[in-house]
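Accompanying notes for the structure given below.
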Amino acid sequence: MKKFDPANAIQDLHQFGEFGDVNPSVTDSATYTFLEARTMTDTFQGETEGCYLYSRHWNPSNKYLADALAAMENTEAAWVTASGMSAITCTILQICNSGDHIVSSMTTYGGTFAFFENYLKKFNIAVTFVNISNLDSVKKAMRPNTKLIYTETMTNPLLQISNLPELAKIAHANNAKLVCDNTFTPLMVTPHNFGVDVVVYSMTKFVNGKNDCVAGAICSTTDFINSLADVNCGTAMLLGPVLDPKLSSSILKNLHTLHIRMMQHGKNALYLAERFKELGIKFNYPGLPEHPDHELLKSMMNNGYGFGGMIAIDMGTAEKANAIMEKMQDADVGYLAVSLGYFKTLFSNSGKSTSSEVPEEIQREMGMSEGLIRFSVGLDMNIERTFDKIKDCIYKIKN
Ligand SMILES: *Cc1c(COP(=O)(O)O)cnc(C)c1O
(Lines give C-alpha, C1' and ligand atoms only; values in the text may rest on other atoms or scores of the structure.)
Protein backbone atom coordinates (compact mmCIF):
# COMPACT_ATOMS: atom_id res chain seq x y z
CA MET A 1 0.00 0.00 0.00
CA LYS A 2 1.21 3.49 -0.81
CA LYS A 3 2.09 5.49 2.27
CA PHE A 4 -0.57 8.04 3.16
CA ASP A 5 0.56 11.62 2.81
CA PRO A 6 -1.87 14.37 3.83
CA ALA A 7 -0.42 17.11 1.57
CA ASN A 8 -0.73 14.81 -1.46
CA ALA A 9 -4.30 14.06 -0.46
CA ILE A 10 -5.06 17.80 -0.46
CA GLN A 11 -3.19 18.40 -3.71
CA ASP A 12 -5.10 15.63 -5.49
CA LEU A 13 -8.49 17.15 -4.69
CA HIS A 14 -10.42 17.89 -7.83
CA GLN A 15 -12.65 20.75 -6.77
CA PHE A 16 -13.70 23.56 -9.05
CA GLY A 17 -16.68 25.82 -9.38
CA GLU A 18 -19.78 25.71 -11.54
CA PHE A 19 -18.20 28.03 -14.14
CA GLY A 20 -14.88 26.23 -14.23
CA ASP A 21 -13.62 28.66 -11.59
CA VAL A 22 -10.46 27.19 -10.06
CA ASN A 23 -11.71 28.09 -6.61
CA PRO A 24 -15.11 26.50 -5.97
CA SER A 25 -17.86 29.12 -6.12
CA VAL A 26 -19.07 30.54 -2.82
CA THR A 27 -22.67 29.61 -2.11
CA ASP A 28 -24.10 32.18 0.23
CA SER A 29 -27.68 30.95 0.12
CA ALA A 30 -29.43 29.94 3.30
CA THR A 31 -32.02 27.89 1.45
CA TYR A 32 -32.33 25.95 -1.84
CA THR A 33 -35.06 25.40 -4.38
CA PHE A 34 -36.44 22.03 -5.44
CA LEU A 35 -37.91 21.45 -8.88
CA GLU A 36 -40.09 18.66 -7.56
CA ALA A 37 -41.78 18.60 -4.18
CA ARG A 38 -41.06 14.92 -3.68
CA THR A 39 -37.31 15.48 -3.81
CA MET A 40 -37.66 17.83 -0.85
CA THR A 41 -39.41 15.16 1.19
CA ASP A 42 -36.72 12.63 0.29
CA THR A 43 -33.98 15.06 1.24
CA PHE A 44 -35.55 15.60 4.65
CA GLN A 45 -35.78 11.92 5.26
CA GLY A 46 -32.22 11.11 4.48
CA GLU A 47 -29.72 11.83 1.82
CA THR A 48 -30.58 12.64 -1.71
CA GLU A 49 -27.24 12.76 -3.47
CA GLY A 50 -26.22 16.28 -4.41
CA CYS A 51 -29.28 17.97 -2.93
CA TYR A 52 -29.02 20.82 -0.50
CA LEU A 53 -31.86 21.74 1.78
CA TYR A 54 -30.91 24.47 4.19
CA SER A 55 -27.48 25.82 5.08
CA ARG A 56 -27.53 24.87 8.76
CA HIS A 57 -27.61 21.32 7.45
CA TRP A 58 -25.20 21.43 4.51
CA ASN A 59 -23.89 24.19 2.31
CA PRO A 60 -21.82 23.49 -0.85
CA SER A 61 -18.94 25.75 0.20
CA ASN A 62 -18.81 24.08 3.60
CA LYS A 63 -18.95 20.69 1.90
CA TYR A 64 -15.90 21.50 -0.26
CA LEU A 65 -13.91 22.40 2.84
CA ALA A 66 -15.22 19.38 4.77
CA ASP A 67 -14.25 17.06 1.90
CA ALA A 68 -10.77 18.58 1.82
CA LEU A 69 -10.38 18.07 5.57
CA ALA A 70 -11.57 14.48 5.33
CA ALA A 71 -8.94 13.92 2.63
CA MET A 72 -6.26 15.50 4.82
CA GLU A 73 -7.24 13.41 7.86
CA ASN A 74 -7.77 10.18 5.88
CA THR A 75 -11.29 9.90 7.30
CA GLU A 76 -14.48 9.06 5.43
CA ALA A 77 -16.12 12.39 6.17
CA ALA A 78 -15.87 15.71 7.97
CA TRP A 79 -18.03 18.55 9.23
CA VAL A 80 -17.06 22.19 9.66
CA THR A 81 -18.19 24.39 12.53
CA ALA A 82 -18.13 28.03 13.58
CA SER A 83 -15.36 27.47 16.15
CA GLY A 84 -13.01 24.87 17.54
CA MET A 85 -15.02 24.86 20.76
CA SER A 86 -18.23 24.02 18.91
CA ALA A 87 -16.44 21.16 17.12
CA ILE A 88 -15.36 19.83 20.52
CA THR A 89 -18.64 20.37 22.37
CA CYS A 90 -20.82 18.97 19.55
CA THR A 91 -18.61 15.87 19.38
CA ILE A 92 -18.78 15.27 23.14
CA LEU A 93 -22.52 15.86 23.37
CA GLN A 94 -23.16 13.61 20.38
CA ILE A 95 -21.29 10.70 21.99
CA CYS A 96 -22.30 11.12 25.65
CA ASN A 97 -25.65 10.92 27.37
CA SER A 98 -26.59 11.83 30.91
CA GLY A 99 -24.92 9.40 33.31
CA ASP A 100 -21.94 8.71 31.05
CA HIS A 101 -18.29 9.15 31.89
CA ILE A 102 -15.25 10.62 30.11
CA VAL A 103 -11.54 10.09 30.71
CA SER A 104 -9.62 13.18 29.65
CA SER A 105 -6.05 14.32 29.57
CA MET A 106 -5.44 16.81 32.36
CA THR A 107 -3.58 19.01 29.90
CA THR A 108 -6.09 20.19 27.34
CA TYR A 109 -6.97 23.55 25.90
CA GLY A 110 -8.38 25.78 28.68
CA GLY A 111 -11.85 26.04 27.12
CA THR A 112 -12.07 22.27 26.78
CA PHE A 113 -10.99 21.87 30.40
CA ALA A 114 -13.65 24.36 31.53
CA PHE A 115 -16.34 22.55 29.50
CA PHE A 116 -15.40 19.25 31.11
CA GLU A 117 -14.91 20.56 34.62
CA ASN A 118 -17.80 23.04 34.89
CA TYR A 119 -20.31 22.69 32.10
CA LEU A 120 -20.86 18.94 31.72
CA LYS A 121 -22.10 18.76 35.32
CA LYS A 122 -25.40 20.15 33.99
CA PHE A 123 -25.83 16.97 32.03
CA ASN A 124 -24.61 14.64 34.77
CA ILE A 125 -21.62 13.60 32.68
CA ALA A 126 -18.58 12.88 34.86
CA VAL A 127 -14.99 13.47 33.79
CA THR A 128 -11.86 11.91 35.26
CA PHE A 129 -8.67 13.82 34.47
CA VAL A 130 -5.51 11.78 34.08
CA ASN A 131 -1.91 12.24 33.07
CA ILE A 132 -2.40 11.00 29.53
CA SER A 133 1.21 9.79 29.30
CA ASN A 134 0.58 7.37 32.15
CA LEU A 135 -1.27 4.60 30.31
CA ASP A 136 -1.85 2.65 33.53
CA SER A 137 -3.71 5.56 35.06
CA VAL A 138 -5.79 5.83 31.87
CA LYS A 139 -6.68 2.13 32.15
CA LYS A 140 -7.52 2.48 35.84
CA ALA A 141 -9.78 5.46 35.17
CA MET A 142 -11.96 3.54 32.70
CA ARG A 143 -15.45 2.62 33.96
CA PRO A 144 -18.24 0.56 32.40
CA ASN A 145 -20.01 3.82 31.46
CA THR A 146 -16.89 5.47 29.96
CA LYS A 147 -17.91 6.57 26.47
CA LEU A 148 -14.75 8.31 25.39
CA ILE A 149 -11.13 9.09 26.03
CA TYR A 150 -10.28 12.67 25.16
CA THR A 151 -6.81 13.95 24.37
CA GLU A 152 -4.76 16.29 22.18
CA THR A 153 -2.03 14.93 19.89
CA MET A 154 0.30 17.60 21.26
CA THR A 155 -1.02 19.11 24.46
CA ASN A 156 -1.23 22.74 25.35
CA PRO A 157 0.99 24.29 26.65
CA LEU A 158 3.47 21.63 27.77
CA LEU A 159 3.74 19.96 24.35
CA GLN A 160 3.31 16.50 25.79
CA ILE A 161 2.61 13.91 23.07
CA SER A 162 -0.26 11.41 23.33
CA ASN A 163 0.44 7.77 22.54
CA LEU A 164 -2.47 7.45 20.13
CA PRO A 165 -2.14 3.74 19.19
CA GLU A 166 -2.09 2.68 22.86
CA LEU A 167 -4.91 5.02 23.84
CA ALA A 168 -7.00 3.67 20.95
CA LYS A 169 -6.44 0.12 22.25
CA ILE A 170 -7.58 1.10 25.75
CA ALA A 171 -10.62 2.95 24.43
CA HIS A 172 -11.70 0.18 22.07
CA ALA A 173 -11.21 -2.58 24.66
CA ASN A 174 -13.81 -0.65 26.70
CA ASN A 175 -16.16 -0.02 23.79
CA ALA A 176 -15.34 3.66 24.07
CA LYS A 177 -14.25 6.12 21.40
CA LEU A 178 -10.94 7.94 21.24
CA VAL A 179 -11.39 11.65 20.44
CA CYS A 180 -8.30 13.68 19.64
CA ASP A 181 -7.72 17.39 19.12
CA ASN A 182 -5.10 17.76 16.37
CA THR A 183 -5.01 21.59 16.33
CA PHE A 184 -1.26 21.87 17.06
CA THR A 185 -0.17 19.17 14.61
CA PRO A 186 -2.03 19.29 11.28
CA LEU A 187 -0.27 17.30 8.51
CA MET A 188 2.44 16.29 11.02
CA VAL A 189 0.24 13.58 12.54
CA THR A 190 -2.80 11.85 11.05
CA PRO A 191 -4.58 10.61 14.21
CA HIS A 192 -7.09 8.44 12.39
CA ASN A 193 -4.24 6.27 11.09
CA PHE A 194 -3.56 5.27 14.71
CA GLY A 195 -7.11 4.34 15.60
CA VAL A 196 -8.52 7.72 16.65
CA ASP A 197 -12.28 7.67 16.05
CA VAL A 198 -12.98 11.39 15.94
CA VAL A 199 -10.43 14.10 15.12
CA VAL A 200 -11.38 17.64 16.15
CA TYR A 201 -9.79 20.91 15.11
CA SER A 202 -9.71 24.55 15.86
CA MET A 203 -9.10 25.77 12.31
CA THR A 204 -8.59 29.23 13.81
CA LYS A 205 -4.95 28.26 14.31
CA PHE A 206 -2.55 26.61 11.83
CA VAL A 207 -5.16 25.32 9.37
CA ASN A 208 -6.34 28.82 8.47
CA GLY A 209 -3.12 30.50 9.59
CA LYS A 210 -4.18 34.12 9.18
CA ASN A 211 -6.00 34.95 12.40
CA ASP A 212 -8.83 36.43 10.35
CA CYS A 213 -11.55 34.06 11.52
CA VAL A 214 -12.64 31.52 14.12
CA ALA A 215 -13.58 28.05 12.84
CA GLY A 216 -13.55 24.37 13.71
CA ALA A 217 -13.85 20.90 12.20
CA ILE A 218 -14.79 17.33 13.05
CA CYS A 219 -13.32 14.45 10.99
CA SER A 220 -14.68 10.92 11.40
CA THR A 221 -16.71 8.16 9.80
CA THR A 222 -19.62 8.95 7.49
CA ASP A 223 -21.93 7.45 10.14
CA PHE A 224 -20.69 9.76 12.85
CA ILE A 225 -20.82 12.86 10.64
CA ASN A 226 -24.34 11.96 9.51
CA SER A 227 -25.38 11.49 13.12
CA LEU A 228 -24.19 15.04 13.89
CA ALA A 229 -26.28 16.35 10.99
CA ASP A 230 -29.40 14.32 11.78
CA VAL A 231 -32.45 16.58 11.66
CA ASN A 232 -34.04 14.89 14.69
CA CYS A 233 -31.17 14.43 17.12
CA GLY A 234 -27.91 15.61 15.57
CA THR A 235 -26.00 17.90 17.92
CA ALA A 236 -24.49 20.01 15.13
CA MET A 237 -27.86 20.33 13.39
CA LEU A 238 -29.77 21.21 16.57
CA LEU A 239 -27.25 23.43 18.36
CA GLY A 240 -26.46 25.04 15.01
CA PRO A 241 -22.85 26.35 15.12
CA VAL A 242 -22.72 26.86 11.34
CA LEU A 243 -19.57 28.11 9.67
CA ASP A 244 -20.15 31.06 7.33
CA PRO A 245 -19.62 29.69 3.79
CA LYS A 246 -17.60 32.77 2.84
CA LEU A 247 -15.13 31.75 5.53
CA SER A 248 -15.14 28.15 4.34
CA SER A 249 -14.09 29.34 0.92
CA SER A 250 -11.29 31.44 2.41
CA ILE A 251 -10.06 28.65 4.72
CA LEU A 252 -10.03 26.16 1.84
CA LYS A 253 -7.62 28.38 -0.09
CA ASN A 254 -5.36 28.65 2.95
CA LEU A 255 -5.44 24.87 3.41
CA HIS A 256 -3.55 24.56 0.13
CA THR A 257 -0.51 26.36 1.58
CA LEU A 258 -0.59 24.57 4.94
CA HIS A 259 2.29 22.22 4.09
CA ILE A 260 4.63 25.09 3.24
CA ARG A 261 3.64 26.96 6.37
CA MET A 262 4.03 23.94 8.67
CA MET A 263 7.53 23.31 7.28
CA GLN A 264 8.58 26.91 7.92
CA HIS A 265 6.97 27.09 11.39
CA GLY A 266 8.76 23.84 12.27
CA LYS A 267 12.10 24.89 10.83
CA ASN A 268 12.04 28.19 12.73
CA ALA A 269 10.92 26.60 16.02
CA LEU A 270 13.63 23.95 15.77
CA TYR A 271 16.22 26.66 15.22
CA LEU A 272 15.04 28.58 18.29
CA ALA A 273 15.02 25.39 20.40
CA GLU A 274 18.61 24.62 19.45
CA ARG A 275 19.71 28.15 20.31
CA PHE A 276 17.77 28.18 23.61
CA LYS A 277 19.60 24.98 24.47
CA GLU A 278 22.99 26.61 23.83
CA LEU A 279 21.96 29.53 26.04
CA GLY A 280 21.02 27.14 28.83
CA ILE A 281 17.39 28.34 28.97
CA LYS A 282 14.78 25.90 30.25
CA PHE A 283 12.59 25.08 27.24
CA ASN A 284 10.15 22.54 25.92
CA TYR A 285 10.26 21.46 22.29
CA PRO A 286 9.33 17.97 21.11
CA GLY A 287 11.67 18.26 18.13
CA LEU A 288 14.82 17.79 20.24
CA PRO A 289 15.87 14.43 21.70
CA GLU A 290 15.81 15.91 25.25
CA HIS A 291 12.01 16.01 25.11
CA PRO A 292 10.61 12.89 26.82
CA ASP A 293 8.15 12.27 23.96
CA HIS A 294 10.54 12.95 21.07
CA GLU A 295 10.71 9.32 19.93
CA LEU A 296 6.98 8.82 20.40
CA LEU A 297 6.23 11.83 18.21
CA LYS A 298 8.68 10.59 15.58
CA SER A 299 6.96 7.20 15.55
CA MET A 300 3.63 8.85 14.65
CA MET A 301 4.84 11.62 12.33
CA ASN A 302 4.30 12.03 8.63
CA ASN A 303 7.75 12.92 7.34
CA GLY A 304 8.69 16.30 6.00
CA TYR A 305 6.49 18.64 8.02
CA GLY A 306 8.85 19.19 10.95
CA PHE A 307 8.12 19.05 14.67
CA GLY A 308 5.67 21.91 14.86
CA GLY A 309 5.75 25.62 15.52
CA MET A 310 5.10 25.56 19.26
CA ILE A 311 7.84 26.04 21.83
CA ALA A 312 7.68 26.98 25.51
CA ILE A 313 10.39 28.54 27.66
CA ASP A 314 10.40 28.84 31.43
CA MET A 315 11.41 32.19 32.88
CA GLY A 316 10.71 31.13 36.47
CA THR A 317 8.31 33.86 37.55
CA ALA A 318 5.29 35.53 35.96
CA GLU A 319 6.90 38.97 36.52
CA LYS A 320 9.97 38.05 34.51
CA ALA A 321 7.89 36.39 31.81
CA ASN A 322 5.70 39.50 31.49
CA ALA A 323 8.65 41.88 31.34
CA ILE A 324 10.35 39.79 28.64
CA MET A 325 7.15 39.55 26.59
CA GLU A 326 6.67 43.33 26.64
CA LYS A 327 10.27 43.83 25.56
CA MET A 328 9.88 41.28 22.77
CA GLN A 329 6.82 43.06 21.44
CA ASP A 330 8.69 46.38 21.47
CA ALA A 331 11.58 44.74 19.64
CA ASP A 332 9.24 43.40 16.91
CA VAL A 333 9.83 39.74 17.72
CA GLY A 334 6.06 39.34 17.35
CA TYR A 335 2.89 40.09 19.29
CA LEU A 336 1.92 39.54 22.90
CA ALA A 337 -1.27 37.68 22.09
CA VAL A 338 -3.00 34.37 22.67
CA SER A 339 -3.69 31.97 19.82
CA LEU A 340 -1.23 30.31 17.49
CA GLY A 341 -0.42 29.23 13.98
CA TYR A 342 -0.11 32.81 12.69
CA PHE A 343 2.45 34.12 10.21
CA LYS A 344 3.87 36.35 12.94
CA THR A 345 5.27 34.99 16.19
CA LEU A 346 2.77 35.13 19.05
CA PHE A 347 3.65 34.71 22.70
CA SER A 348 1.74 34.59 25.95
CA ASN A 349 2.09 33.40 29.51
CA SER A 350 0.00 30.24 29.44
CA GLY A 351 -0.84 30.08 33.15
CA LYS A 352 -2.27 33.59 33.10
CA SER A 353 -4.04 33.36 29.76
CA THR A 354 -4.98 30.34 27.65
CA SER A 355 -4.74 27.95 30.61
CA SER A 356 -6.12 30.34 33.25
CA GLU A 357 -9.29 28.22 33.43
CA VAL A 358 -7.08 25.48 34.90
CA PRO A 359 -6.79 26.04 38.69
CA GLU A 360 -3.28 26.96 39.82
CA GLU A 361 -2.80 23.78 41.89
CA ILE A 362 -3.60 21.72 38.83
CA GLN A 363 -1.27 23.87 36.72
CA ARG A 364 1.55 23.04 39.16
CA GLU A 365 0.54 19.36 39.16
CA MET A 366 0.74 19.42 35.36
CA GLY A 367 4.25 20.80 35.65
CA MET A 368 3.30 24.22 34.34
CA SER A 369 5.51 26.97 35.71
CA GLU A 370 3.99 30.40 36.30
CA GLY A 371 6.85 31.83 34.24
CA LEU A 372 6.08 29.76 31.16
CA ILE A 373 6.10 31.69 27.88
CA ARG A 374 4.47 29.82 25.04
CA PHE A 375 5.64 30.80 21.58
CA SER A 376 3.85 30.13 18.37
CA VAL A 377 6.80 30.68 16.08
CA GLY A 378 6.04 32.64 12.92
CA LEU A 379 7.12 32.27 9.32
CA ASP A 380 10.12 34.62 9.71
CA MET A 381 12.47 34.48 6.75
CA ASN A 382 15.48 35.23 8.98
CA ILE A 383 14.98 33.43 12.26
CA GLU A 384 18.57 34.07 13.35
CA ARG A 385 17.79 37.77 13.46
CA THR A 386 14.65 37.03 15.50
CA PHE A 387 16.63 34.87 17.91
CA ASP A 388 19.14 37.68 18.47
CA LYS A 389 16.27 39.98 19.42
CA ILE A 390 14.81 37.41 21.84
CA LYS A 391 18.22 36.88 23.40
CA ASP A 392 18.67 40.64 23.93
CA CYS A 393 15.26 40.87 25.63
CA ILE A 394 16.04 37.96 27.95
CA TYR A 395 19.44 39.43 28.88
CA LYS A 396 18.00 42.87 29.55
CA ILE A 397 15.53 41.43 32.04
CA LYS A 398 17.87 38.93 33.66
CA ASN A 399 20.60 41.47 34.37
C1 LIG B 1 -7.88 27.43 20.21
C2 LIG B 1 -8.04 26.00 20.54
C3 LIG B 1 -9.31 25.44 20.71
C4 LIG B 1 -10.58 26.26 20.62
O5 LIG B 1 -10.81 26.71 19.34
P6 LIG B 1 -11.65 28.04 18.94
O7 LIG B 1 -11.52 28.06 17.47
O8 LIG B 1 -10.99 29.19 19.64
O9 LIG B 1 -13.03 27.82 19.42
C10 LIG B 1 -9.40 24.09 20.96
N11 LIG B 1 -8.29 23.33 21.07
C12 LIG B 1 -7.05 23.83 20.94
C13 LIG B 1 -5.88 22.94 21.08
C14 LIG B 1 -6.88 25.18 20.68
O15 LIG B 1 -5.65 25.68 20.55
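For ligands, and for the atoms within them, numbers begin at 1 and follow the listed sequence.
- Between Phe184 and ligand 1, a contact under 3.5 Å exists for no N or O pair.
- One option in Asp181, Thr81, Ile88 has a heavy atom closer to atom 11 (N) of ligand 1 than any other, and that option is Asp181.
- Using a cutoff of 4.0 Å between basic side-chain nitrogens and carboxylate oxygens, Lys169 and Glu166 are scored as salt-bridged.
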Test log, rule side chain to side chain donor-acceptor pair (under 3.5 Å), inputs Thr107 and Gln160: CA-CA 8 Å; Thr107 49; Gln160 187 184 13; 3.0 Å; yes
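- Shortest contact from atom 1 (C) of ligand 1 to any protein heavy atom: Lys205 NZ, 1.4 Å.
- Residue Thr112 has no nitrogen or oxygen atom sitting less than 3.5 Å from a nitrogen or oxygen atom of ligand 1, judged on distance alone.
- The closest approach between any non-hydrogen atom of Ala215 and ligand 1 is below 4.0 Å.
- The list of side chain to side chain donor-acceptor pair (under 3.5 Å) pairs with a residue in residues 232-244, not counting sequence neighbours, reads Gln94-Thr235.
- Shown in contact with Gly84 at under 4.0 Å from a heavy atom are these atoms of ligand 1, numbered in order with element: 5 (O), 6 (P), 7 (O), 9 (O).
- No hydrogens or angles considered: a donor-acceptor pair under 3.5 Å links the side chains of Tyr305 and Asp5.
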Test log, rule side chain to side chain donor-acceptor pair (under 3.5 Å), inputs Thr151 and Ser162: CA-CA 7 Å; Thr151 193; Ser162 292; 2.6 Å; yes
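- The Met85 neighbourhood of ligand 1 comprises atoms 4 (C), 5 (O), 6 (P), 9 (O), with distances under 4.0 Å to a heavy atom of that residue.
- Judged by distance alone, with hydrogens and angles left aside, the side-chain atoms of Thr27 form no donor-acceptor pair with the main-chain N or O of Ser29 at under 3.5 Å.
- Short contacts between ligand 1 and Val214, defined as distances under 4.0 Å to a heavy atom of the residue, involve ligand atoms 7 (O).
- Nearest to atom 4 (C) of ligand 1 among the protein's heavy atoms is Tyr109 CE2, 3.4 Å.
- At least one N or O atom of Thr204, backbone or side chain, sits closer than 3.5 Å to an N or O atom of ligand 1.
- Counting only N and O atoms by type, the side chains of Asn182 and Thr185 include a donor and acceptor under 3.5 Å apart.
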